[in-house]
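Here the structure is a predicted model, which is why all the values come from computation and not from measurement. First the proteins, then the strands, lettered A, B, ... as listed; each starts at 1.
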Amino acid sequence: MGVKIGDLVTAVEIEIKDLSGKKIAIDAFNTMYQFLSKIRQPDGSPLMTSKGEITSVHSGILYRTANLLEDGIIPVYVFDGEPPEFKRETVEKRREERDEAKKKWEEALKMGDLESAQKYAQAALLLTEEMIEDAKKILKLMGVPVVQAPSEGEAQAAHMARKGDVFAAASQDYDSLLFGSPRLVRNLTITGKRKLPGKDVYVENPPEIIELERTLSDLGITREQLIIIGIIVGTDYNPDGIKGYGPKRALEVAKKCKKPEDITRFVEWSFDISPVDLYNFFLNPPVTDSYNVDLSPPDKEGLIRFMVDEHEFSEDRVRKVAERVEESFKRASYKGLEAWF
DNA sequence: CAACCGGA
DNA sequence: TCCGGTTGG
C-alpha cells in the first residue's frame, strides 16, 4: 500500500527507452504483488499448474524481466527482509483482509458474478515463501542480480540509488522517496496499459519518473519535512494516518515543523509507535552494502528446465524468452551499456 | 501482465 | 503492421 503522498509528487512521463543503459533497483515484493493480482483469468483465478500451484508470479517475472533486458535496462531486484517490529500490526491486518476477500471471491463465484469475483480475487492471495524463492531462482537463472535487504526493500533500493549504484528505485509505492531515493520510477511496464477498476475500460498508464529534489523544491520543503507529511497522511506503519489530515493539510503542518518532535504540537498522535521513532526509521533505515548489481551469464537450459519441468510452462515460449535473455546479455557485455544501440 | 492469434 | 480478443499455467 505504501505512503499516501501521490498527490504531492511531481511525476514526469518517460518512455521505457529513456532508461536504456541504466540499472534500476526494483521493489521485488511490490512487483510480485502486481503480478499476483493482475495475472488472472476472467473469473479471477490465477495461472496455476495442474497441481494447483499458482504461477502468476513466475510468468510476470519471466516476461517482464526479459523485456527490460531487451530494452537495455539492468533490473536489480531487491527483496524485503525482516519487517520492523512495529509493522506487525499492519501485516496481520492485511492477512485478515485477504481472508475476507477470499470468502467474498468464493461467494461471487457461486452467484456467477464475474465482475465481483475478479475484484475480490485480486485482493485474496498472499505471496508465499515458495513464490518468493521461485522468483529469486528464476532471476538467478536469467543472470539478473538479486539483492536481499536486511529490512524494507524500498529502503535498500533507496540506499543503492543514493550511492549511485543504480539510477533509480522502481515501485508503485512512494516510500523510497521518504527513504531518500533521488529518483523513483513508476509504471515500469511494457504495455503501459491499465484496467480501470470495476470498468471495462483501459487507460494508458505510461512509465513516469519522480525526482526527489524536484518534488521537494516544488513543495518548498526538505526531505525531513516530506517524511513528516508521510507519517501524518499514513504509511505502512500507521496505515490510517492522522484523522482529518490529507496531503494538503499535512503539507501545511510539515512546513511549520522544524524537527519531528514538533509534530505532536500540531496533530493528535495516537499510534503505538512514536512519531519520532517512525521519522528516524525513514531517515535512517537498516540497509546493507553487501550486494551486487551486475548481470551474470544466464543459464538458458536451466531456466527452460525449471519453468517447463517444474512449473508446466510451454517449452516453446520459455525457449524463446531464454534466447532473448542470452542475446541481451551478449549485447550488454560486448558493447557495454553505454552503446546499446 | 504479457504473449499469441487471427482479421483488417 | 496494427489492433482487439483470447490464452497462458
For the side chain of A:Leu47, starting at C-beta, report the closest nucleotide among C:dG8, B:dC4, B:dA3.
C:dG8

Could you check how far CD1 of A:Ile54 sits from C1' of C:dG8, rounded to whole Å?
15 Å

In whole angstroms, how far is the P atom of C:dT7 from the CE atom of A:Met48?
16 Å

Are any of A:Asn67's side-chain N or O atoms less than 4.0 Å away from OP1 or OP2 of B:dA3?
yes

Go through the structure and list residues passing ring pair (Phe, Tyr, Trp, His ring centres under 6.0 Å) with A:Phe86, not counting sequence neighbours.
A:Tyr237, A:Phe281

Base, sugar-phosphate, or nothing for A:His311, non-hydrogen atoms under 4.0 angstrom?
sugar-phosphate

Pick base, sugar-phosphate or nothing for A:Pro42, based on heavy-atom distances below 4.0 Å to the nucleic acid.
nothing

d(CG, A:Leu36; P, C:dG9) in whole Å:
17 Å

Check every strand shown and say whether A:Ser56 touches a base, only sugar-phosphate, or nothing at a heavy-atom separation below 4.0 Å.
nothing

Salt bridge (Lys or Arg N to Asp or Glu O under 4.0 Å) between A:Asp218 and A:Arg214: does it pass, once the steps are laid out?
CA-CA 6 Å; A:Asp218 285 355; A:Arg214 168 79 191 275; 3.0 Å; yes

Is it true that A:Asp165 and A:Lys23 have a side-chain N and a carboxylate O under 4.0 angstrom from each other?
no

Output the rounded distance in Å from CZ (A:Arg317) to C1' (C:dT6).
11 Å

In whole angstrom, give the distance that lies between atom CG of A:Leu68 and atom C1' of B:dC1.
12 Å

By the salt bridge (Lys or Arg N to Asp or Glu O under 4.0 Å) test, which pairs, at least two apart or in different chains, include something from residues 138-156 of chain A?
A:Lys87-A:Glu152

Please give, in whole Å, the distance from C:dG9 P to A:Phe35 CZ?
16 Å

Rounded to the nearest Å, what distance is computed from the CD atom of residue A:Gln41 to the P atom of nucleotide B:dC4?
16 Å

Could you state the atom-to-atom distance from OH of A:Tyr33 to P of B:dC1 in whole Å?
17 Å

Rounded distance [0.5 Å steps], CG in A:Leu139 versus CG in A:Asp134:
11.0 Å

Check whether any side-chain nitrogen or oxygen of A:Arg64 sits under 4.0 Å from OP1 or OP2 of B:dA2, and answer yes or no.
yes

Reckon A:Lys38 has a side-chain N or O less than 4.0 Å from the OP1 or OP2 of B:dA2?
no

